[in-house]
Amino acid sequence: MTPKDIFSALKAGAPDKASGDGMSRRNVLGLMGGGLAGTVLLVSGCSTAELASSKNTSSAQASGSPSSSGGESMIASALAAEVAKRWPHGETVWPGLDYKKHNIVLIKPTQDFKAEQAWLINTSGMRELSASERNSVAVPPAFDKIDFEGMKSVSLSTTTSLSASGGAPTDSTATAAPADGKVEDLYRVATHELVHFYHQDSAVASATASRNTAYPIDPEPRYMRRMLLRNLQMAFRDPAKRDLHLGYARYWQDSWMAKFPKEASAIREFDIREGTAKYIENYMMVVDPSLSKEALAEALAKQFKESDYYTSVDLESYELGYAAGIVMDQTMPKWKENFYASKKTPAELLLSSVTARKEEDNAEVRAEVEKRVQKANSEDAPAIKTVDDALSDTSIAFLRYSGNLRQLQYQDSYTYKGRDVLIKPTLELAAEGGTITVKLPAVFNSGDADSGYIAPLPKGSYSFADGVLTVTGDQVSGKAKAKKTQESGREVFTITLTN
């Protein structure tokens, strides 16, 4: 997988950092593969990989927190109860989605990433794993794709959480979530990521796909997609005016695709993959055969995050897919049959036979989008400047790597001057001879989709002797065997990853 060909390890759209609610726009821990990596998991994916803004009460709640005595055991029990209640009904949500064939391996990690405790959870129940069993499973920073006891499974760390209003998985070791919120977080992550891991083989894949937003952020496409989402949500909430809102939605969809065709093409894969995974995740939060049609509709509507505005294109993918999906459940009940073969996004499929109806400009929504975009651009400008400074100053040495970077964490991702740029990343580069940790304002690639990220080394922070690079400081630290070269007058150190 390359930076431009990666699934969200993120689960849903994370809250916008420009919203003023004190939360970052995205804090993503993504599963990586191939020569490099891109995101997600903004879960829910990542985002980005995202939880519902109004958390539904879990059917199985626990008291205490993960840091309290026995907290993880109670959380494992509550998670198992939720799985037992909801997962058996997966095939009523999506054809062939049989969660009874999947496991969760929930792992409580030590500070040095050993498994202190672990539990096997599935629709048959839960049991604590023996020392030999838990030691056979690698501790994931957030989650990972594994096989366990002959079943396609997902491993989860008990430190995995999502932000209060929904976001991508983050390492929450420092601040534990309340146990009931933790149960929902873990349930959402597992439910969402299993879709990506095992149920999207036939989904569209594109070598030119990218979930990055162009920097500086242009408010116009964000406004258009916001208006599209707004009308899809209103079409579900108000069936009497559904045709009107779907006509408006088609207008905004057509306008966006006509004016921003490059973005529309690049984000298509994630509109499909993340949109359907979010639809399934949200539906599996409320699936219950005993619910009446009216009660189900009310429960599904409560999953909307109508107050959230996004300034990155990929975070929109989650909510657009969910909203379009539940409208199609009412208007096109067979829409899931051969859905991936259509190569259409959920919104495209829903609106394919709808006649566009022009909607007048919404000054209030536009002003809000522009305010948030301006703030996001301003907040990330210093980090972007470090990219320009590093590229223009050949006295700044570069650190790069070869091999697979499986996971990383970052706040935002952009396309900037032909390069992929990660804002406030955390990279743990386990290599021959040691590990180098990178926590820079920004890292970037060469512009080649198959290249890894480049970390500019702060001046005076490193030494190189006997084939070993040693770096000290707050932004980059550690040591590893490296190859030193000169490229266009610049020192470049290349390490080979071993993880």
Side-chain angles (χ1 to χ4, degrees), residues 8 12-13 16 203-204 206 208-214 217-239 241-279 282 301 304-306 308-332 335-336 339-366 368-370 373:
S8 163
D16 197 300
V204 64
S206 170
T208 60
S210 173
R211 62 192 312 151
N212 295 338
T213 304
I217 305 167
D218 182 349
E220 190 62 20
R222 306 288 64 79
Y223 168 69
M224 290 180 170
R225 295 253 283 183
R226 174 65 187 180
M227 293 298 290
L228 168 61
L229 175 60
R230 181 174 182 268
N231 277 289
L232 294 179
Q233 292 172 338
M234 293 173 74
F236 182 80
R237 287 190 179 279
D238 190 355
K241 295 183 178 179
R242 178 168 293 156
D243 290 346
L244 175 67
H245 290 299
L246 290 181
Y248 290 158
R250 178 64 189 262
Y251 167 76
W252 292 112
Q253 172 89 345
D254 289 353
S255 299
W256 167 69
M257 293 183 72
K259 192 168 183 179
F260 302 99
K262 185 176 180 180
E263 178 180 271
S265 176
I267 201 61
R268 169 179 296 277
E269 178 176 334
F270 302 102
D271 277 359
I272 293 171
R273 291 184 182 277
E274 296 299 352
T276 51
K278 185 62 175 177
Y279 164 85
N282 278 355
F304 287 147
K305 297 191 292 184
E306 293 167 297
D308 286 349
Y309 283 69
Y310 305 112
T311 56
S312 57
V313 62
D314 65 322
L315 299 185
E316 298 161 347
S317 300
Y318 300 85
E319 300 308 317
L320 286 169
Y322 174 60
I326 60 174
V327 173
M328 284 191 286
D329 285 340
Q330 296 185 346
T331 62
M332 303 167 56
W335 72 272
K336 297 164 195 170
F339 167 74
Y340 291 123
S342 75
K343 299 184 179 180
K344 293 181 179 180
T345 70
E348 283 178 324
L349 183 61
L350 168 63
L351 301 172
S352 59
S353 60
V354 173
T355 301
R357 182 183 301 222
K358 183 176 181 180
E359 183 177 25
E360 296 304 314
D361 189 63
N362 188 313
E364 182 179 355
V365 173
R366 179 179 289 280
E368 187 64 28
V369 170
E370 290 177 348
V373 165

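Atom set for the values below is all heavy atoms of this structure, side chains included, hydrogens, waters and symmetry mates excluded.
Across all their heavy atoms, Leu232 and Val327 have their closest contact at O-CG2, 3.6 Å. The two residues Asp254 and Ala356 come nearest to each other via the heavy atoms OD2-CB, 4.1 Å. When all heavy atoms of Ile267 and Val313 are compared, the closest pair comes out as CG1-CG2, 3.7 Å. The shortest heavy-atom contact between Ala203 and Arg273 is O-NH2, 3.3 Å. Nearest heavy-atom pair across Ala258 and Pro261 is O-CD, 3.6 Å. Pro221 approaches Glu263 most closely through the heavy-atom pair CB-OE2, 3.5 Å.
Remark: side-chain polar atoms of Ser352 are paired, donor with acceptor, to backbone N or O of Leu349 under 3.5 angstrom. In terms of modelled atom types and a separation under 3.5 Å, the side chain of Ser312 and the main chain of Asp314 share no donor-acceptor contact.
Tyr279 meets the side-chain hydrogen bond (donor to acceptor under 3.5 Å, both in side chains) test with Asp329, Lys336; sequence neighbours excluded. The side-chain contact (heavy atoms from CB on, under 4.5 Å) check on Arg237 picks up Ala301, Phe304, Glu306, with sequence neighbours excluded. Checked against ring-ring contact (aromatic ring centres under 6.0 Å, His included), Trp256 has no partners two or more places apart in sequence or in another chain. Considering only residues two or more places apart in sequence or on other chains, Glu220 meets the side-chain contact (heavy atoms from CB on, under 4.5 Å) condition with Asp218, Tyr223, Met224, Lys259, Phe260, Arg366. Listed by chain and residue number, Asp238, His245 satisfy the side-chain contact (heavy atoms from CB on, under 4.5 Å) test with Lys241 (two or more places apart in sequence, or in another chain). With sequence neighbours left out, the side-chain hydrogen bond (donor to acceptor under 3.5 Å, both in side chains) criterion links Glu370 to no other residue.
The OG atom of Ser255 sits 10.5 Å away from atom CZ of Arg250, with the distance rounded to the nearest 0.5 Å. We find the CG-CD distance between Leu228 and Glu319 to be 12.5 Å, quoted to the nearest 0.5 Å. Taken to the nearest 0.5 Å, the OG1 atom of Thr331 stands 11.0 Å off from the CZ atom of Phe236. To the nearest 0.5 Å, the span separating OG on Ser317 from CD1 on Ile272 amounts to 10.0 Å. The OG1 atom of Thr355 lies 10.0 Å from the CG atom of Asp243; values are rounded to the nearest 0.5 Å. To the nearest 0.5 angstrom, Asn362 atom CG is 10.0 Å from Arg226 atom CZ.
In this structure, the side chains of Tyr248 and Lys358 stay at 4.5 Å or more apart for every pair of heavy atoms. At a threshold of 4.5 Å between non-hydrogen side-chain atoms, the residues Gln253 and Thr345 count as touching. Considering only heavy atoms from C-beta on, Glu348 comes within 4.5 Å of Arg268 through its side chain. Val354 is not listed as a side-chain neighbour of Leu350, based on a closest heavy-atom distance of 4.5 Å or more. At least one side-chain heavy atom of Lys278 sits less than 4.5 Å from a side-chain heavy atom of Asn282. Within the 4.5 Å cutoff, side-chain heavy atoms of Met328 are placed close to those of Pro346.
With Asp271 as the fixed residue, the salt bridge (charged side-chain N to carboxylate O under 4.0 Å, His left out) test singles out one of Arg225, Lys343, Lys344, Arg211: Arg225.
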*Report the C-alpha distance between Tyr310 and Lys305 in whole Å, list the side-chain angles of each, state the deciding distance to 0.1 Å, and finish with yes or no for side chain to side chain contact (heavy atoms under 4.5 Å, CB included).*
CA-CA 11 Å; Tyr310 305 112; Lys305 297 191 292 184; 3.4 Å; yes
_Worked verdict on Tyr340 versus Thr276 for side chain to side chain donor-acceptor pair (under 3.5 Å)_ = CA-CA 10 Å; Tyr340 291 123; Thr276 51; 3.2 Å; yes
*asked:* Assess the residue pair Tyr309 and Val365 against the criterion (side chain to side chain contact (heavy atoms under 4.5 Å, CB included)); give the C-alpha distance rounded to whole Å, side-chain angles, the decisive distance to 0.1 Å, and a yes or no.
replied: CA-CA 9 Å; Tyr309 283 69; Val365 173; 4.1 Å; yes
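Using a 4.0 Å cut-off between a side-chain N of Lys or Arg and a carboxylate O of Asp or Glu, Arg222 and Glu316 qualify as a salt bridge.
If you look at Trp335 and Phe339, their ring centroids are closer than 6.0 Å.
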